[in-house]
Amino acid sequence: MCARYELNEQPRNIAVRFGLDALPPVVNRAIIRPTDQALVVRSGGDAVLCGWGFDVTWDSKPLINGRAETLDQKPTFRPYLENRCVVPATGYFEWRTGERAKHKNFIRPADQATYAMAGLAVNNRFIVLTCAPAPGIAHIHNRMPVILSPDCEPDWLDPGQPFSAVAHHLVAYDRAPMLAEEEQPPVADQGDLFH
DNA sequence: CCAGACGTTGTT
DNA sequence: GTCTGG
DNA sequence: CCAGACGTTGTT
DNA sequence: GTCTGG
């Protein structure tokens with residue numbers, strides 16, 4: 001899940017939305033994929049670019065997600081429970097497995113154009129935390145990124161809070177419905193390829 | 001990053 | 001070769 | 001010692 | 001690569 005997301009918003013608006021001190025650094029593409037540099041916000045309006053995924057020695061692929069339910073039990077994550085961040089996004093992509101094909105969905109909360117995913121950021125890398133899905137999108141996938149309400153973001157980011165005091169934020173988004181737009185199957189417009 | 005897929009209709 | 005998805 | 005896990009996701 | 005369990 002959540003192996004791709006979008007941040008399609010003007011730096012100016014991102015700065016306002018997340019209370020940044022200055023305009024955030026910019027990357028030239030809106031679609032973010034594993035290993036890409038992307039914007040993360042830490043406490044105090046500190047916005048930096050980090051690469052998506054922690055490198056692990058046992059796999060060539062980076063570790064891009066962390067399960068919220070077990071985060072504080074994993075040796076890989078436990079040292080970093082206070083290195084919390086939020087990851088600005090305007091939507092994320094999820095593939096629903098259908099009878100015949102996979103259907104790509106673009107998913108976002110109904111009440112926020114630009115929202116915050118909960119994450120950890122360490123050594124210029126970040127991961128996105130996942131939780132059980134909200135009811136409206138459970139048919140698409142059994143996980144979703146943790147999406148924070150704006151009023152919870154400062155608490156989540158507060159480095160003075162122990163993880164145990166902020167872990168309750170790591171649940172499916174329930175402030176508004178989740179909207180999912182399913183990408184239409186591509187039109188096989190190959191006319192007379194076989195004529 | 002990198003392994004694995006890349007196509008699956010409806011019988012003109 | 002390019003796209004997909006974790 | 002040494003095989004297997006180690007995160008995830010999705011599920012052969 | 002390093003840790004864990006048998």
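Quick note: numbers below take in every heavy atom, side chains included, and nothing from hydrogens, waters or symmetry partners. In what follows, chains are A, B, ... by sequence order, proteins preceding strands, each numbered from 1.
Residue K61(A) is in base contact, counting any heavy-atom pair closer than 4.0 Å across all strands shown. Backbone-only engagement by R67(A) is indicated by non-hydrogen atom pairs under 4.0 Å involving sugar-phosphate atoms exclusively. Counting any heavy atom pair closer than 4.0 Å across all strands shown, T35(A) reaches a base atom. Looking at heavy-atom distances under 4.0 Å, G66(A) makes contact with sugar-phosphate atoms alone, never a base. Among the protein residues, F77(A) comes within range of the sugar-phosphate backbone only, with heavy atoms under 4.0 Å from sugar or phosphate atoms but none that close to a base.
Side-chain N/O atoms of S60(A) include none lying less than 4.0 angstrom from OP1 or OP2 on dC1(B).
Rounded to a whole Å, the CZ atom of R4(A) is 13 Å from the C1' atom of dC2(B). Nucleotide dT9(D) holds its C1' atom 14 Å from the CD1 atom of I127(A), rounded to whole Å. The separation between F93(A) atom CZ and dT9(D) atom C1' is 19 Å, rounded to whole Å. Rounded to an integer number of Å, the gap from CG of D55(A) to P of dG7(D) is 15 Å. Across the protein-nucleic acid pair, E94(A) atom CD and dT9(D) atom P stand 10 Å apart, rounded to whole Å. For the pair L63(A) CG and dC2(B) P, the interatomic distance rounds to 16 Å; values are reported in whole Å. Here dG7(D) presents its C1' atom at 13 Å from CD of E69(A), a figure rounded to the nearest Å. The CG atom of D59(A) sits 18 Å away from the P atom of dG4(D) (whole-angstrom rounding).
Comparing dA3(B) with dT9(D), their C1' atoms are spaced 15 Å from each other, to the whole Å. Rounded to whole Å, the separation between the P atoms of dT8(D) and dT8(B) comes to 33 Å. Only the P atoms considered, dT11(D) is 14 Å distant from dA5(B), to the nearest whole Å.
No donor-acceptor pair closer than 3.5 Å links the side chain of R4(A) to the backbone N or O of F93(A). Using a distance-only test at 3.5 Å, with no hydrogens or angles considered, no donor-acceptor pair links the side chain of R67(A) to the main chain of T130(A). Judged by distance alone, with hydrogens and angles left aside, the side-chain atoms of R17(A) form a donor-acceptor pair with the main-chain N or O of T114(A) at under 3.5 Å.
Between F54(A) and Y80(A), the angle of the ring planes goes over 60°, which puts this pair in the perpendicular group of the 30/60° scheme.
Applying the 6.0 Å contact sphere to CZ of R78(A) captures more than 12 heavy atoms from other residues, nucleotides or ligands.
In summary, of the residues considered (V166(A), V86(A), L148(A)), a side-chain contact (heavy atoms from CB on, under 4.5 Å) with L157(A) occurs for V86(A) alone.
Side-chain proximity of R143(A) to dC6(D), dC1(B), dT9(D): nearest is dT9(D). Listed nucleotides: dT8(D), dT11(D), dC2(B). Nearest to the side chain of N142(A): dT11(D).
The glycosidic torsion of dG4(B) lies more than 90° away from 0, placing the base in the anti range.
Secondary-structure annotation of DNA chain D gives the stems D:1-6 with E:1-6, with a stem taken as at least 3 successive Watson-Crick or G-U pairs whose two distances both fall under 3.5 Å.
Applying the ring pair (Phe, Tyr, Trp, His ring centres under 6.0 Å) test to pairs two or more places apart or on separate chains, those with a residue in residues 5-37 of chain A are Y5(A)-W52(A).
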Could you list all N or O pairs between the protein and nucleotides 1-6 of chain E that sit under 3.5 Å apart?
residue : atom : partner : partner atom : Å
dG1(E)  : N3   : T57(A)  : OG1          : 3.1

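Shown here are the side chain to side chain contact (heavy atoms under 4.5 Å, CB included) partners of V56(A), two or more places apart in sequence or in another chain: W58(A), D59(A), L63(A). Remark: D174(A) pairs with no residue by the side chain to side chain contact (heavy atoms under 4.5 Å, CB included) rule, at least two apart or across chains. The side chain to side chain contact (heavy atoms under 4.5 Å, CB included) test applied to L179(A) returns R108(A), A110(A), not counting sequence neighbours.
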